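Note that the structure is predicted; figures quoted are calculated from it, not measured. Residues take their numbers from the sequence shown, with the count starting at 1. The analysis underlying the following values was restricted to heavy atoms, covering all of them including side chains, and did not include hydrogens, waters or symmetry mates.
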Amino acid sequence: MLKSLSPAQTLCLKPWFDDLVERIEQPEYITEDPVSFMHAFSDKEDQLLAGFFGAVMAWGRRDIVLAKVNELLSRMDYRPAEFVGNFNSRDESKFTGFRHRTFNETDILCFVTILSDILDQYGSFETFWASCYRQALDQDRELIAVFHERFFAVTPDMPVRTRKHIANSEKNSSCKRLYLYLRWCVRKNSVVDRGIMDFLPASKLMIPLDVHVARQARKMGLLSRKQNDWKAVQELTGKLRILDADDPARYDYALFGLGVLKLELPARYIINTDV
């Protein structure tokens, strides 16, 4: 049974955590992270689409992710908004042979087809997200569950294999990659996150839970659940809201940095050693 910090104990972490975030959330972070694809474009729609591809493919070693997303964007001639907005059957050959992990050319074709229809119907990707958010509020559902439902409803009859690449919190997925994307798009006043979408307040962001974040959170008593699922996301985000109710996702930098950037967790903060 993992030990868990009380709210008062959690609040004691704030000075150290805030300092850690300040050290990690720096311009040099961008270069080796998929958020770099949002910084590579000046047009907002290009940024949103390049970031979306970067996030949904953010699976595995970051250097490989960067290489594969760059390959994908190169197949769009580095004009993702124009390419997606004007996509037709003559463009399908652009993705022949593309593969990253379990993504293949069929999945990318499906994604581009759906995104093309979204731009046609809604005018922008943010407008589509905003519509999903309003529905989520009206139905008292989680945003990503509604996004999953609406995304595949835009262009029905997509393969089951492709649907698995968009997480669904109602299936108890952690939704890590989509909340990573939303962190990039929503958080303001950050040198890393672009903050170019306004439909969602940063206070509503959930922590992008990956294995590195979860491991450090368990060591520190911020997460007692052993599975990396939606319930764990809710538990950890709740703890982080004690530290900053307006911007809990900022602490992703601290937890992710500890695990991936090989920073040492001070012994005084470790309360679960067998993790």
Side-chain angles (χ1 to χ4, degrees), residues 1-36 54-55 58-66 167 173-184 186-187 189-193 202-203 205-275:
M1 185 73 175
L2 295 175
K3 299 176 184 177
S4 180
L5 296 180
S6 68
Q9 290 171 321
T10 300
L11 197 55
C12 290
L13 293 173
K14 185 171 173 59
W16 178 71
F17 249 27
D18 286 347
D19 178 68
L20 192 55
V21 170
E22 187 174 345
R23 288 169 52 198
I24 295 172
E25 191 181 8
Q26 294 292 331
E28 53 266 27
Y29 182 96
I30 296 168
T31 307
E32 296 182 356
D33 191 84
V35 73
S36 59
W59 183 9
R61 281 173 38 190
R62 288 201 292 171
D63 59 334
I64 295 176
V65 172
L66 292 175
S173 168
S174 70
C175 304
K176 174 255 180 177
R177 286 174 281 177
L178 289 177
Y179 266 111
L180 178 64
Y181 176 67
L182 289 177
R183 195 203 80 200
W184 295 345
V186 168
R187 289 189 68 245
N189 305 314
S190 169
V191 296
V192 178
D193 299 321
S203 61
L205 289 173
M206 306 295 282
I207 192 74
L209 186 73
D210 69 3
V211 293
H212 305 289
V213 169
R215 184 179 301 115
Q216 299 302 328
R218 290 188 181 103
K219 286 182 181 179
M220 301 176 70
L222 294 171
L223 179 60
S224 61
R225 186 169 176 80
K226 295 183 178 180
Q227 295 84 4
N228 293 342
D229 56 14
W230 183 246
K231 292 178 181 177
V233 171
Q234 291 175 307
E235 179 187 349
L236 178 54
T237 305
K239 284 284 179 63
L240 298 177
R241 286 193 172 118
I242 295 172
L243 303 179
D244 190 338
D246 294 327
D247 190 11
R250 69 189 293 259
Y251 295 108
D252 183 38
Y253 287 103
L255 291 167
F256 182 77
L258 282 168
V260 173
L261 304 182
K262 310 301 183 185
L263 299 177
E264 186 175 349
L265 178 62
R268 66 184 180 276
Y269 295 125
I270 300 175
I271 71 167
N272 291 302
T273 57
D274 190 20
V275 175

**Distance (rounded to the nearest 0.5 Å) between I24 CD1 and L255 CG** = 9.0 Å
**Message:** If I compare all heavy atoms of Q9 with all of S4, which pair ends up nearest, and what's the gap?
**Reply:** OE1-O, 4.2 Å
**Message:** Are F256 and P208 packed together at the side-chain level, in the sense that at least one heavy-atom pair is separated by less than 4.5 angstrom?
**Reply:** no
**Prompt:** Out of curiosity, L182 CG to R187 CZ, how far, rounded to the nearest 0.5 Å?
**Reply:** 13.0 Å
**Request:** Evaluate the side-chain contact (heavy atoms from CB on, under 4.5 Å) criterion for residues S36 and L66: first the C-alpha distance (whole Å), next the side-chain angles of each, then the deciding distance (0.1 Å), finally the verdict.
**Result:** CA-CA 9 Å; S36 59; L66 292 175; 3.8 Å; yes
**Asked** Hey, are the side chains of F17 and L240 touching, using non-hydrogen atoms and a 4.5 Å cut-off?
**Response** yes
**Message:** I'd like to know whether NZ of K14 has more than 12 heavy-atom contacts from other residues, nucleotides or ligands below 6.0 angstrom.
**Reply:** yes
**Fill in**
Residues L205 and R241: closest non-hydrogen pair is O-NH2, 3.3 Å
**Request:** Any chance you could lay out the side-chain contact (heavy atoms from CB on, under 4.5 Å) test for R215 and L265, step after step, and finish with the verdict?
**Result:** CA-CA 11 Å; R215 184 179 301 115; L265 178 62; over 6 Å; no
**Item:** ring-ring contact (aromatic ring centres under 6.0 Å, His included) against Y179, all qualifying residues, sequence neighbours excluded
**Value:** none
**Prompt:** Should L13 and Y251 count as side-chain neighbours, where that means a heavy-atom distance under 4.5 Å?
**Reply:** no
**Message:** Assess the residue pair V192 and D33 against the criterion (side-chain contact (heavy atoms from CB on, under 4.5 Å)); give the C-alpha distance rounded to whole Å, side-chain angles, the decisive distance to 0.1 Å, and a yes or no.
**Reply:** CA-CA 10 Å; V192 178; D33 191 84; 5.7 Å; no
**Request:** Starting from the C-alpha separation in whole Å, work towards a yes-or-no answer on side-chain contact (heavy atoms from CB on, under 4.5 Å) for D193 and R250.
**Result:** CA-CA 10 Å; D193 299 321; R250 69 189 293 259; over 6 Å; no
**Message:** Testing the basics here: between G60 and V65, what is the closest heavy-atom pair and its distance to 0.1 Å?
**Reply:** O-CG2, 4.1 Å
**Request:** Keeping the roles fixed (side chain from E25, backbone from Y253), state whether a donor-acceptor pair exists under 3.5 Å.
**Result:** no
**Message:** If I take atom CE from residue M1 and atom NZ from residue K226, how far apart are they, to the nearest 0.5 angstrom?
**Reply:** 8.5 Å
**Message:** For I207, is there any backbone N or O sitting under 3.5 Å from a side-chain donor or acceptor partner on T237?
**Reply:** yes
**Complete:** What one should report as the nearest heavy-atom pair of L180 and A58 is CD2-CB, 4.4 Å
**Request:** May I ask you to check whether over 12 heavy atoms, not counting those of Q26, lie within 6.0 Å of atom CD?
**Result:** yes
**Prompt:** Does the side chain of Y269 come within less than 4.5 Å of Q216's, by heavy atoms?
**Reply:** no
**Request:** Inspect the contact between D63 and R61 and indicate whether a charged nitrogen and a carboxylate oxygen are less than 4.0 angstrom apart.
**Result:** yes
**Under 3.5 Å: donor-acceptor pair, side chain of R218, backbone of R225** = yes
**Fill in**
Closest non-hydrogen atoms of A202 and D247, given as atom of the first, atom of the second and distance, are CB-OD1, 4.1 Å
**Prompt:** Do V213 and L236 have side-chain heavy atoms sitting under 4.5 Å apart?
**Reply:** yes
**Asked** Do M220 and K239 have side chains that get closer than 4.5 Å, going by heavy atoms?
**Response** no
**Request:** State the CD-CG distance between Q234 and D229, to the nearest 0.5 angstrom.
**Result:** 9.0 Å
**Prompt:** Which atoms form the tightest heavy-atom contact between A232 and Q227, and what is the distance?
**Reply:** CB-O, 3.2 Å
